[in-house]
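Written below as structure tokens is the structure these notes are about.
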Amino acid sequence: MTQLAEARGWRRTHYCGELRPSDEGSAVVLMGWVHRRRDHGGLIFIDLRDRSGLVQIVFHPDNPGAYRAADEARSEYVLGVAGTVRMRPEGRVNPNIPTGEVEVIPREVKILNASRTPPFYIPNGSDADETVRLKYRYLDLRRPEMQRNIVLRHRIVKAVRDFFDSHGFYEIETPMLIRSTPEGARDYLVPSRVNPGRFYALPQSPQLFKQLLMVAGFDRYMQIARCFRDEDLRADRQPEFTQIDVEMSFVEPDDVISLAEEMLSTVFKQTIGAELSAPFPRLTYDEAMLRYGSDKPDIRFGMEISDLTDIVRGSGFRVFSSAAASGARVRGFAVPGGGRLGRRELDELSAKAVDLGAGGLVWLAIERGGARSPVAKHLSVEEVSAISACTGAGEGDLVLIVAAPEKTGAAVTGALRLDVGHRLGLAAPGFHFCWVTDFPLFEFSEEENRLVAVHHPFTAPADADVPTVLDHSARTEDLLRVRAKAYDLVLNGTEIGGGSMRNHDRRVQQGVLRALQIGPEEAAERFGFLLDALEYGAPPHGGIAFGLDRLLTYMTGSSSMRDVIAFPKTSSAGCLLTGAPAPVARAQLEELKIRTSVEDRDAG
RNA sequence: GGAGGCGUGGUGUAGCCGGUCAAACAUACAUGCCUGUCACGCAUGAGAUCGCGGGUUCGAAUCCCGUCGCCUCCGCCA
């Protein structure tokens, strides 16, 4: 039975991973975990690990007390080691670790705690199934790789705060127990005991509060803000996530955009040493949809989409000509070297196109003096060469073409472009940012049979479109043409930030709400406080929010967002470590005056 | 709400077109040997009724149905 020691009287002098030849001869006291133990019988090596790294401790039988402790120690035991740093003997240096030139000869060793055999071996724990890693998250987080991510997260957040602080921003906390917000994602609800039958919502973002802070005159606000959205998860989505939330008064979109570029450049440089080439390219929403078939274009590879409708308008190939005649679009792009794609891959791409709503997929393998294609005989030589010229396809390339209504066509070509890009490994390494601007303010929701906000209901329309928004008799098709002063930031094809100018004029805000068919009563009921605030000297203002977790996934090179969050949730929004969400005692529900409609068999 | 994948000693995998499979390999673990290793080495050993429930069959890890968990995708995510 292990006799556990107390660390009393011992003061740690160094972190394990910091010891260097310059420490030779120093008396040190280390505290750490047994990373690996190599027992040569008569000589035992232990790699002692703490958050800084590893150092080798050499136990010699000459020191029976220390040797006995080393003999007894096992993986993940917690040891205190008092000893002396010395240079490793000639030829025993380990160049693979930073402390490889030195080792510690212990004078005295204390076993501060024993450990059960861990469910997975920490030194190569990433091999373990993620379910096991999440259940024993505190062990998973011991792994150097995870520690690196979490520490980098700290450094990045610190760099972000420092940046904004030095630019005159105040970090101001906003409430977590708020009113349920209009529109948007589902809210997480919190019952009020004091007000039975009433509920708080957890914030989907601090949107309204940061606007109120502008009305209050703080001028520049930022917050590392936790946000909650009760929607189904994805690889890059957690039910609770963190935003770098920013709002500024008396600015235009360009001010926010250039500040964001400066912030990211600074933070990337300071934390991971990456040089970003700001300013980032900008595309309008319409350009992005046309050239990339997406509002979050992945610009790491070319293969830009071209509109071929006019080329094939008079084509003998009925699929194309009738599509053109009916107002649909014919769009395609060239796949460099795509001529080598096999029949099976082309079939998969076709299936995908159909899956996404296209009637089919036309492919042309460009060859000397023509094209190989299932529909080659329907296309004239002139058409083929015009298509090649327009898409930039040359010999050996493949052209993929989809004929479909505008929206479907963009979505399908966009998805195919990404698929092929990944298939052929075309993505350039590095961080490729771009801005997407001039989003529509509204889009039509088939489901709700009304206009909904593309960004959120407080987004300001473009100056030129303000009259349309103010016009009580504006038609839906006019409103759909209204542009927003909104912008998204995209990194390697992932949306990592977005923002807008807000409505500071109550009339404009009311016009937007009217277009969204949110009546004055409902508006007053749900966020009248904001409308009121707009009447007391609200300054022109706008801002942006960045998805910190997504940003970190890229900055750490992680394959999963869960690897940059200390305690993440699973794709069914559960916590495998704590078992949340869990049933609660009946008494708790009674206190809240809540009755559930599901069988609460687990409730106590 | 829908689709797909996965689930076998502590961990990672193999087996999975039914029976010589009371399940193999690696690693971790235990014991012993080993005084310069650093993924130490060598030897020996313990450890899984194959997620759970039901069904088909003479016989199920293997086939079928259901269910639970995890992962990915569509819908959804202003």
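Throughout, protein chains are lettered first and strands after them, A, B, ... in sequence-line order, and every chain is numbered starting at 1.
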In this structure, how many angstroms lie between the [atom2] atom of [N] and the [atom1] atom of [X], rounded?
X      : N     : atom1 : atom2 : result
A:D129 : B:U8  : CG    : C1'   : 13 Å
A:D563 : B:C71 : CG    : C1'   : 13 Å
A:L134 : B:U11 : CG    : P     : 14 Å
A:R137 : B:C70 : CZ    : C1'   : 14 Å
A:F228 : B:C77 : CZ    : C1'   : 16 Å
A:R92  : B:U35 : CZ    : P     : 14 Å
A:R234 : B:G1  : CZ    : P     : 14 Å
A:R37  : B:U37 : CZ    : P     : 17 Å

Between [N] and [M], how far is it from one [atom1] atom to the other, in whole Å?
N     : M     : atom1 : answer
B:A46 : B:A24 : P     : 12 Å
B:C17 : B:C6  : P     : 12 Å
B:G18 : B:G59 : P     : 16 Å

Exercise for the section: Scan side-chain atoms only and decide if A:T174 and A:Q223 contain a donor-acceptor pair under the 3.5 Å cut-off. Expected result: yes
For [N], does either OP1 or OP2 sit under 4.0 Å from a side-chain N or O belonging to [X]?
X      : N     : answer
A:R38  : B:C40 : yes
A:S572 : B:C70 : yes
A:S75  : B:C29 : yes

Tell me if the side-chain of [X] makes a donor-acceptor pair with the base of [N], cut-off 3.5 Å, by modelled atom types.
X      : N     : result
A:E447 : B:G75 : no
A:R133 : B:G10 : no
A:R229 : B:C77 : no

Exercise for the section: Please determine, for B:A43, whether a Watson-Crick or G-U wobble partner exists with both distances under 3.5 Å, and give it or none. Expected result: B:U31
Problem - G-U wobble or Watson-Crick pairing nucleotide for B:A24 (cut-off 3.5 Å, both distances) - result: B:U13
Handout entry: A:D355/A:K352 ion pair, N-O < 4.0 Å
Key = no
Handout entry: Options B:C71, B:U31, B:G36, nucleotide nearest the side-chain atoms of A:H40
Key = B:G36
Problem - Stacking of A:F45 on B:U37 base (centres under 5.5 Å, planes under 30°) - result: yes
Handout entry: Of A:H541, A:R502, A:E247, the residue whose pairing with A:Q211 passes side chain to side chain donor-acceptor pair (under 3.5 Å)
Key = A:H541
